[in-house]
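Structure first, then comments.
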Amino acid sequence: MGLLCRIEAQRGDRLEAVISGPPELLDAMEMACLLGPIQVWVDQIDRLPLNSRPEV
């Protein structure tokens with residue numbers, strides 16, 4: 001799809017990923033996450049410029 005994805009953490013029922021790519025594809029990915037399967041709950045989406053990612 002033209003996006004790069006790196007899984008940051010995966011614990012039980014939680015997944016954290018860093019996804020990068022063109023803004024229009026990130027918009028589409030965000031929409032897909034929010035709409036996507038009924039058994040999956042998206043609790044939070046943070047969109048940050050690549051260079052301002054907080055330290056973990």
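FYI, the numbering just counts along the sequence from 1.
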Heavy atoms of L26 and G21 approach each other most closely as CD1-O, 3.4 Å
On a heavy-atom basis, the closest approach of P22 and G2 is CD-O, 3.6 Å
Verify the neighbour count for atom CZ of R47: are there more than 12 heavy atoms of other residues, nucleotides or ligands below 6.0 Å?
yes
On a heavy-atom basis, the closest approach of C33 and V42 is O-CG2, 3.0 Å
Rounding to 0.5 Å, atoms CG (L3) and CG (L25) come to a distance of 5.0 Å
(message) Does any part of the side chain of E30, heavy atoms only, come nearer than 4.5 Å to the side chain of L34, both counted from C-beta?
(response) yes
